[in-house]
Amino acid sequence: ADIKVYRASTTAPVNIAVVKYWGKRDPKLNLPTNSSLSVTLSQADLRTLTTASCAASFADGDSLMLNGELSDISGARTQACFRELRARRAALEAADPSLPKLSQMALKLVSENNFPTAAGLASSAAGFAALVQAIANLYELPDSPSQLSLVARQGSGSACRSLFGGYVAWRMGDKEDGSDSMADLVAPASHWPNMRALILVVSAAKKGVSSTSGMQQTVATSGLFQQRISNIVPANMASMEQAVKARDFAKFAEVTMRESNSFHACCADTYPPIFYMNDVSKAAIRAVESINAKAGKTIAAYTFDAGPNCVVYYLDEEAPTVLGAFSDVLGSGVTGWKEGSAGVKSSVKLE
Ligand code: PMV
């Protein structure tokens, strides 16, 4: 009998969108209403580490330990990832009968975040990306990151962008089966090595309205949203790709802030309205505005996801100005901050 335990580990980074994914055209397959683009944060700061193992002797089914606690994997999204990866492994086993039948064994996953999961920072993206990549490594799948992004997308939409470092686009695609809704690399982190991200932890509480139900309500009730997906996002995707390629920070920053505003305006336009930002979030916006006004040019850009926490992008040469200005905001309700960037080690301070 096969008594071997097969094992593989990987890490996956957190990504923060500068052109936002907001809206599903197919909730079951996690197919988006628009393309999106993100910046991957440094794994030194924020990442999920996942080990996947399987063995013929694992008798009691698949399991996932997340930060030391047994996690529910019965949800349709997680099951879709397992099913898809097993099918890809089974195809390899069918083609080469000498391969061990890993696709038929129970999977044990152990996952750890190197940042406080409770801090309300995007963790599902890194989580699903690491889960998919770890199992793909275990199964020795030949799939490219883009091919794996098709699987991660089914776990959490934004997770498809965490299979890559750097600047990553998720192309919405137009096929009904989702086979062309995947991520690709716009530019590696090394393309723009002085890019930095400051994460302002405004609230450690779990978000009030989940992204899934917020998106559903937006698609169903916001009139502005139609304008956003038909005109605003396509134009912003094009400008953002140009800005990244040209390392044009002012343009990158303007599109980033306009995108965040457009997304939160659509949330406020739903009926009833959804508010993710609170007063401290708004103070952070004003702080960025005043930094840029004082500098006489755009040196900082804010963005907010489905919660009150703020991410500020800036270039390393502006660090003293940007970080200095934020120490005021830090004193008034921000509970912690994290400075990070694609591929650059940085400091952490959590009160
Ligand atoms: O991947 P989800 O379902 O958690 O949705 C993420 C939505 C935003 O973070 C608000 C935007 C984005 O593109 O990441």
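Both counts, for ligands and for their atoms, begin at 1 and track the order of listing. Keep in mind that the numbers below use all heavy atoms, side chains included, and drop hydrogens, waters and symmetry copies.
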Ignoring hydrogens and angles, tell me if any N or O in the side chain of [X] forms a donor-acceptor pair with the backbone of [Y] under 3.5 Å.
X: S260; Y: F304; value: yes
X: N15; Y: V39; value: no
X: T33; Y: G23; value: yes

Shortest reach to [atom] by a heavy atom, considering only [options]:
atom: atom 14 (O) of ligand 1; options: K20, M215, R161; value: R161
atom: atom 11 (C) of ligand 1; options: Y21, F304, W170, F128; value: Y21
atom: atom 2 (P) of ligand 1; options: A306, S211, A159; value: S211

Decide if the gap between the ring center of F225 and the ring center of W22 is smaller than 6.0 angstrom.
-> no
Heavy-atom contacts with [X] under 4.0 Å: which atoms of ligand 1 show up? List them by number with element.
X: A17; result: 12 (C), 13 (O), 14 (O)
X: W22; result: 10 (C)
X: F263; result: 10 (C)

How far apart are the C-alpha atoms of I16 and T303, what are their side-chain angles, what is the distance that settles it, and do they pass the side chain to side chain contact (heavy atoms under 4.5 Å, CB included) test?
-> CA-CA 9 Å; I16 301 291; T303 188; 3.8 Å; yes
Ligand 1 N/O within reach of S156 N/O, cut-off under 3.5 Å = yes
Would you please determine whether G157 falls within less than 4.0 Å of ligand 1 on a heavy-atom basis?
-> yes
Taking everything shown except Q227 itself, do over 12 heavy atoms lie less than 6.0 Å from its CD?
-> yes
